[in-house]
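Written below as structure tokens is the structure these notes are about.
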There are 2 protein chains.
Amino acid sequence: MADRESDRSVSQTVRAQLSLRDLILSGRLRSGERISELQAVELTGVSRTPVRMALVRLEEEGLLEAIPSGGFMVKAFSERDILDSIEIRGTLEGVAARFAAERGVSARDLAPLKENLAELDVLLRQDTHSVEVFSAYVALNARFHALLSDLSGSAPLIRQVDRSSALPFASPSGFVMAQSALAEASQILLIAQDHHHTVIDAIENREGARAEAIMREHARLAARNLRLALRNRTHLDLLPALVRSSAAEV
Amino acid sequence: MADRESDRSVSQTVRAQLSLRDLILSGRLRSGERISELQAVELTGVSRTPVRMALVRLEEEGLLEAIPSGGFMVKAFSERDILDSIEIRGTLEGVAARFAAERGVSARDLAPLKENLAELDVLLRQDTHSVEVFSAYVALNARFHALLSDLSGSAPLIRQVDRSSALPFASPSGFVMAQSALAEASQILLIAQDHHHTVIDAIENREGARAEAIMREHARLAARNLRLALRNRTHLDLLPALVRSSAAEV
DNA sequence: GCCTCATTTATTGTATACATAATGAATGCA
DNA sequence: TGCATTCATTATGTATACAATAAATGAGGC
């Protein structure tokens, strides 16, 4: 929920952006649906100016698409689009890992990653089928990836990785796929965690090519995971909670 | 020049965006300089609402940076940032080439690329040191790269490539470096053109890994070219013309 | 009965007025 | 003399009024 009237500390623009993002991700605004400014005003409770700003930002974010004659519509994504986005993200993360390895990182920079990794290790010994544990996993995993791209020390790269992350994680179907796959193949998480460990090892040993290859393979695993999930969809009831937790963290 | 008062066919927002982009790229607004809305209003001649839209879009474009307390400043880029951006772009173009190769492309899709390639061949037999020929080269080369990413058939990837192109080509120093390097090492263009030919060949023969490797190497060539240019800067007088032609094509 | 043109309506684009927050300077007090 | 507090000024955030354009619907003619 977007706390429409309360929380005066954040700007109207941000409030509108959060509200609208929530509406899109939760599916209340369907793909391909045109969204008029006045409609957005009704939905968010703020006036047209901040609503327009929010719409422009959501367009840049990739959730909306500008209509030539004016206005915006909710962007539609194919499964192929989402799979491609995962590969793009993996490719960029591969470059990030390689940069980190080639340019060298201090033990101080690596510390938060190792800490995060340890937390993930602990978590993965629990039952990842439960909503709480899975949500915690999603958050920790996202943090690992964010820390990793930071490790590259390259502002343009960090920026690009951020942008390429929008689609795989923003899309409702992405969420459906991610969690449903998880439910039936939680050992995949263990392999993913192995990737996390080995990429850090590669970076520490300055093995750039290896670090890059691991992150690419990591993305391929995620993609495979999702393709698998497309066939046998389960646990769709988990979706709303996941979407909500993701929208909140922005 | 951005034709301030004339050309009523385009929106005020777009006019403001073009004007401001031109001001930034031409260096009249210096890196790190704060740009207030009223100042932007003065400079562009449109009112605050479209100016704000333009500022937000330029922020998303990567040319401006939001100041926490409000407002925007012209973003500053290091040489490292620009070199990284070239590598990022090359990496993504590598994926695009691989996608094209793996998924297959029709002869009809390849036709415009081959035509473009032939035009480049003709051009490269001329004196690339002249402003006209070099400008034409820049335009044709940009078109080749755009067509190539289109060939991937992946909307998310095309989008990402577009975004990663902003920095290397938008930045004035990128232009300085690109053209000054060119002036003293025009044989590099011939090698680059060979890359263009061979990547198409690889795509036609469905050699995905080779296609990807070529585009990566292509970017490395560009990066090397620029590093070289950093040492002996020449022909800086060409800069304004190049910036102007680039700003116009958007 | 269908096609075309005009009128009307709705929606976006633009401008400006107002409010609020931040910044800087000046004055008073310690 | 130095620091803090307050006031003034400037800038951004927000709302709304107005204009222009595009879409839709109706009527009239072919």
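Labels below follow one simple rule: chain letters A, B, ... track the order of the sequence lines, proteins then strands, and each chain is numbered from 1.
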Item to complete: Give the minimum heavy-atom separation between A54(A) and A16(A), together with the two atoms involved.
Response: CB-CB, 3.8 Å
Practice prompt. Can you figure out which of dA15(C), dT14(D), dT16(D) approaches the side chain of S47(B) most closely?
Written response: dA15(C)
Discussion item. Parallel, tilted or perpendicular, judged at 30° and 60°: which one describes the rings of H218(A) and H145(A)?
Written reply: parallel
Fill in: Whole-Å distance separating the CE atom of M53(B) from the C1' atom of dA15(C)
14 Å
Discussion item. Testing the 3.5 Å rule here: is there a donor-acceptor pair between the side chains of R15(B) and Q12(B)?
Written reply: yes
Shorter than 3.5 Å, N or O on both sides, protein versus nucleotides 19-21 of chain C: list them out with atom names.
none

Worksheet item: Could you state the CG-C1' distance from L38(B) to dA15(C), rounded to the nearest angstrom?
Response: 14 Å
Worksheet entry | R103(B) atom CZ, neighbour heavy-atom count above 12 within 6.0 Å | yes
Fill in: Q39(A) side chain vs S36(A) backbone, donor-acceptor pair below 3.5 Å
yes
Item to complete: Write down the atom of S164(B), the atom of Q160(A), and the distance for their closest heavy-atom approach.
Response: CB-NE2, 3.5 Å
Discussion item. Whole angstroms only, please: what is the CD-P distance between E42(B) and dA11(D)?
Written reply: 11 Å
Discussion item. Measuring to OP1 and OP2 of dT14(C), would you say a side-chain N or O of T13(B) lies under 4.0 angstrom away?
Written reply: yes
Discussion item. Does dG13(C) have its OP1 or OP2 closer than 4.0 Å to a side-chain nitrogen or oxygen of R52(A)?
Written reply: yes
Worksheet item: Is there a donor and acceptor pair, one atom on the side chain of T49(B) and one on the base of dA15(C), closer than 3.5 Å?
Response: yes
Discussion item. Quick check on dA15(D): is either OP1 or OP2 less than 4.0 Å from any side-chain nitrogen or oxygen of Q12(A)?
Written reply: yes
Practice prompt. Write down the distance between CD1 (I35(A)) and P (dT11(C)), rounded to a whole number of angstrom.
Written response: 13 Å
Worksheet item: Do the side-chain N and O atoms of S106(B) and D109(B) include a donor-acceptor pair separated by under 3.5 angstrom?
Response: yes
Worksheet item: Over how many whole Å does the gap from L55(A) atom CG to dT12(C) atom C1' extend?
Response: 11 Å
Worksheet item: How close or far is atom C1' of dG13(C) from atom CD of Q17(B), stated in whole angstroms?
Response: 15 Å
Fill in: Length of the CZ-P vector between R48(A) and dT11(C), whole Å
11 Å
Practice prompt. Could you check which of dA11(D), dG13(D), dA15(C) has an atom nearest any side-chain atom of R34(B)?
Written response: dA11(D)
Response to the item:
E37(B) has its side chain closest, among dT12(C), dG13(D), dA15(C), to dG13(D)
